[in-house]
Structure formats: structure tokens, C-alpha cells
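Working notes for the structure below.
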Amino acid sequence: MKIAVLNGSPKGEVSVTVQYVKFIQKKFPGHEFELINVAHDILKLEKDNQAFLQAIETVKGSDGVIWAFPLYVFLVASQYKRFIEMVFERGVTSAFEGKYACALSTSIHFFDHTAHSYIHGICDDLGMKFIESFSADMDDIFVDDKRRILTKWAGDFLQAIKNQAPTSKSYAPLKCSSFAYKPGKTIKPVDTGGIKIRVLADMDEKSNIANMVDRFRKSFKQDIEVFNLRDIDMKGGCLGCLQCAFDNVCVYRDKDGFMEFFNSGSDSDVTVFAGAIKDRFLSSRIKMFWDRSFFNGHIPTRIGKQVGFIVSGPLSQLANLQEIMLGQAEMSEANLAGVITDESGDSSTIDALLDDFAVKCVDYSQQKYIRPSTFLGVGGHKLFRDQIWSRLRFPFDADFRFYESHGMFDFPQNDTRYLEFSGQMVKMIQDPKMREMVRKMIKTEMLKGYQKVVETK
Ligand SMILES: Cc1cc2nc3c(=O)[nH]c(=O)nc-3n(C[C@H](O)[C@H](O)[C@H](O)COP(=O)(O)O)c2cc1C
């Protein structure tokens with residue numbers, strides 16, 4: 001059989017993910033695997049439609065497609081996202097329709113589930129027959145049993161194609177609206193009180209998103225910063241070259257204006273991303289901005305600040321994207337101040353939401369209001385902390401210095417208060433009588449400290 005492999009690594013074949021593909025290829029020599037470096041070659045594919053169509057022909061001539069990609073900032077790399085956009089924009093979805101598909105990623109498992117959910121959704125939108133995702137840790141290939149599982153997964157995929165196995169969809173098609181938002185007049189603009197607000201938008205003139213951003217701008221008495229990301233000098237997506245890892249300096253530093261632009265926003269109190277939904281995410285341009293921000297490694301870049309989103313499109317149908325938005329805010333140690341969409345289909349409601357959002361941006365900034373993180377931020381922090389302490393210690397030297405100097409290596413073995421208490425209690429309950437007594441008291445005793453706070457604070 002012929003298998004088209006859509007390689008999502010910006011590094012092309014100098015890629016960890018491709019080693020997994022090559023391993024599979026070696027285990028199944030009876031099949032042809034054709035690798036298409038769509039992320040690495042994206043600039044060429046964008047400019048040269050013949051080259052793009054050639055890639056699409058490979059898909060068309062295949063019996064199955066492997067979406068093989070590294071995780072990049074909660075999703076796939078912006079270049080891969082752009083390729084997906086082009087498939088829809090250039091009207092070649094029929095090449096994918098009815099093809100068997102699966103997804104293979106390598107990563108450190110940070111938000112791998114959201115990337116896989118995205119790709120699976122795209123496959124469903126393309127009318128592909130999706131078999132299964134495989135999210136490998138980037139180092140799984142070194143472990144015998146992990147290689148066995150990988151081989152089994154790949155074998156099952158090939159077998160499913162051979163048997164023409166039945167498949168079902170996991171994601172319903174998105175219902176989009178053609179509603180045109182007409183902003184009303186601002187009645188009571190908010191005083192920013194010196195709070196610095198920066199909007200980073202990807203927008204067409206006169207689009208809903210442009211009108212929403214404009215209305216948001218007019219919700220304030222003073223001027224706020226609004227940038228169209230299309231005007232920001234970004235020569236390309238993150239290359240994954242890791243040249244930034246020692247000192248947080250991007251390899252593009254002298255080639256484009258991204259780093260300078262990003263750093264110029266470091267004193268913003270509020271950052272709002274604005275854009276229209278494109279497929280099942282925001283645009284690849286916004287994703288490029290996020291990926292390029294990786295020159296900061298795993299360092300949270302908006303500690304104690306506010307972030308928000310202004311979105312045009314069916315966000316309420318995209319739980320995955322909503323999770324990414326919250327995860328993004330929490331991982332940058334910011335507060336998600338609001339997410340405003342045009343989904344109500346009613347201009348005055350959108351005006352009211354934008355006004356309310358403007359008030360919250362100022363109030364939350366002034367009050368230093370940061371809601372506690374959910375599992376996304378709490379779990380994500382622990383994952384990064386452990387990785388930077390050990391496996392990613394090299395090459396992420398700048399991360400290590402930052403984590404160390406900011407008390408982010410908050411390992412539980414240093415938590416003496418709980419360790420001592422638990423140690424004493426565990427010792428105590430080894431005595432059967434004490435064990436029984438503690439068992440009876442645990443519910444009420446546990447509450448005492450909390451009750452004291454309620455009474456005294
Ligand atoms: C810019 C960038 C962003 C990344 N983002 C994530 C991420 O969000 N989650 C994760 O688990 N790993 C992330 N990684 C790690 C890569 O997914 C991982 O190293 C992968 O194996 C690289 O594969 P490749 O060599 O095929 O490109 C990121 C790496 C880079 C360079």
C-alpha cells in the first residue's frame with residue numbers, strides 16, 4: 001500500500017518525529033511511505049501552487065495518510081496549520097475525502113491531547129476515515145516496549161486500510177454564521193487609569209473582527225495599542241532550531257522585527273488576541289506569533305497580567321480551542337480576563353460584552369486579580385518544572401536559570417511542613433488503636449484549620 005506521510009516538523013527530515021516514521025517504515029517493508037515535508041517547505045508551497053498540487057497528488061494517490069507532527073505550543077506548528085488552511089482555501093479537500101488517516105506525534109506530552117483533538121477534527125472535516133492517534137513521548141523510541149506498542153499501532157493502521165475497517169466521526173461539522181456585526185456608539189468609555197492595553201489582531205478590514213476590535217478600542221477613554229499581526233515583521237514560523245535555549249535570543253533576531261516587537265509589549269498590563277476562527281483554531285498567523293514566542297522557552301511571559309480573546313466564529317462549538325485559550329493564559333501565569341465572540345448574532349449584545357470586557361480589563365489589572373489555575377496550569381507547570389530540572393536541563397539553560405531564581409522548582413520533597421506532618425501521622429496510625437481513633441476523627445479534625453480561617457479572617 002501507499003502511505004502519504006504529512007510531516008509537520010519545521011525541521012523537515014532532521015526531525016525526531018521522522019525517526020518514528022522511519023522506524024515504522026523499516027518494520028513494514030512491504031508498504032511504500034512517501035514523506036511530504038509540508039511544514040519545512042511551507043513558504044515554497046505557498047508561493048508555488050504546482051509544488052502544492054504535487055503534494056496533494058501524493059495524498060490523492062495514497063491508500064492512507066499519516067499526519068506526523070511534533071507538538072508546537074498547544075497545537076501543531078504554524079507552518080503545518082498554514083498547510084491545512086491552504087487545503088481548504090485552494091479547494092483540494094476532495095484529495096483527502098474517504099482516505100484512511102491516523103495521527104502520530106512526538107512531544108513531552110504538554111497539551112498533546114489538544115493537538116491531537118485538532119488534527120482529528122480536521123480529518124473529520126475533510127471526510128477522512130480516522131483510525132487512531134498515537135502520542136509518543138519524544139524519547140519513547142529508546143524503550144523496547146514503547147517500540148513494540150508503536151509497531152502494533154502502525155500495524156493496526158495498515159490492517160484497517162486493508163480490511164476497509166469501519167470508522168465513525170468524533171467531531172460534528174462546525175455551523176458557521178454569516179452575521180455582520182454593526183458596532184454601536186460607545187456610551188460610557190472606561191478610564192484606563194494608566195493601564196497599558198495591547199491588542200494583537202489578525203484581521204481583514206471591515207470584517208467582524210476588525211469592527212469588534214475597533215469597538216473595544218472605543219470602549220476606553222484613552223487610546224490603547226492595536227496591532228494587526230499582518231503588519232508585524234515575521235519572516236516565518238519558528239524553526240525549532242533551539243538556538244534560543246541558552247539565552248532567549250531568537251535566530252531570526254537580525255532578520256526580522258519579531259523579537260523587538262514581542263519585547264516591546266513586556267510592560268503591557270493586558271494582552272488581547274483577536275482573530276477569526278480558521279478551521280478549528282485561530283489563524284496560522286496568530287499561531288506563528290505564539291510559536292515565535294517560544295524564544296522565551298518555558299518561561300511564563302505574562303506573570304500577574306491579564307489576557308483575553310476577541311473571536312469571530314463558532315467558538316462555543318470548539319471546546320478544544322477554549323481549553324487552549326485557558327491553558328495559554330494559565331501557563332503564562334496570567335488571568336484570562338474574558339473571551340468575547342460574535343456568536344450571539346446580535347450587535348447590541350456584542351457591544352455590551354465588549355464594554356464589560358473593557359471594564360474587567362481595567363478592574364482586574366488594578367486589583368491584580370488572578371484567578372487560581374485549573375488543572376491546565378497546575379499540571380502544565382509541574383510537567384515543565386520536572387522536565388527543565390532534568391531532561392531539558394540541557395539545552396534550556398535560560399529556563400533553568402529563570403526557574404531557579406523565581407522559586408519555580410517547587411518540588412514536593414522540599415515541602416517540609418506537609419512532609420513532617422504526614423510523617424508523624426503515618427507513624428501514629430501504625431498503632432491499630434490510634435488508627436481507629438484517627439479514622440473516626442478525620443472528617444472533623446481535617447476541617448479545624450479551615451474553620452479557624454473562616455472565624456478569624
Ligand atoms: C517551538 C517548539 C514548541 C514546542 N511545543 C511543545 C508543546 O507545546 N508540547 C510538547 O509536549 N512539546 C513541545 N515541543 C517539543 C517538541 O514537540 C518535541 O521536541 C518533538 O519531538 C520535536 O519533534 P521534531 O524533531 O520532529 O520537530 C516544542 C518544541 C519546539 C521547538
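For ligands, and for the atoms within them, numbers begin at 1 and follow the listed sequence.
- Relative to the six-membered ring of Phe52, Arg90 meets both conditions, a distance below 6.0 Å and an angle of at most 45° to the axis.
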Show me the short polar-atom pairs for ligand 1: any N or O of it lying under 3.5 Å from a protein N or O, with distances only.
unit_1   : atom_1 : unit_2 : atom_2 : d
ligand 1 : 5 (N)  : Leu71  : O      : 3.4
ligand 1 : 5 (N)  : Val73  : N      : 2.9
ligand 1 : 8 (O)  : Val73  : N      : 3.0
ligand 1 : 8 (O)  : Phe74  : N      : 3.2
ligand 1 : 9 (N)  : Phe110 : O      : 2.8
ligand 1 : 11 (O) : Ile108 : N      : 2.9
ligand 1 : 11 (O) : His109 : N      : 3.2
ligand 1 : 11 (O) : Phe110 : N      : 2.9
ligand 1 : 14 (N) : Leu71  : O      : 3.3
ligand 1 : 17 (O) : Leu71  : N      : 3.2
ligand 1 : 17 (O) : Leu71  : O      : 2.8
ligand 1 : 17 (O) : Thr106 : O      : 3.3
ligand 1 : 21 (O) : Thr106 : OG1    : 2.7
ligand 1 : 23 (O) : Thr17  : OG1    : 3.4
ligand 1 : 23 (O) : Thr106 : OG1    : 3.4
ligand 1 : 25 (O) : Lys11  : NZ     : 2.9
ligand 1 : 25 (O) : Val16  : N      : 2.7
ligand 1 : 26 (O) : Ser15  : OG     : 2.6
ligand 1 : 26 (O) : Val16  : N      : 3.3
ligand 1 : 26 (O) : Thr17  : N      : 2.9
ligand 1 : 26 (O) : Thr17  : OG1    : 2.5
ligand 1 : 27 (O) : Ser9   : OG     : 2.7

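- Geometrically, Arg198 engages Phe261 in a cation-pi contact defined by less than 6.0 Å to the ring centre and at most 45° from the axis.
- Under the 30°/60° scheme for interplanar angles, the aromatic rings of Phe216 and Phe220 are found to stand perpendicular.
- In this structure, His381 and Tyr403 have parallel ring planes: the angle between them is below the 30° cut-off, well short of the 60° mark.
- Counted by atom type alone, His120 and Ser133 present zero donor-acceptor pairs between their side chains at under 3.5 Å.
- Geometrically, Arg393 engages Phe400 in a cation-pi contact, judged by NZ or CZ lying under 6.0 Å from the ring centre and within 45° of the ring axis.
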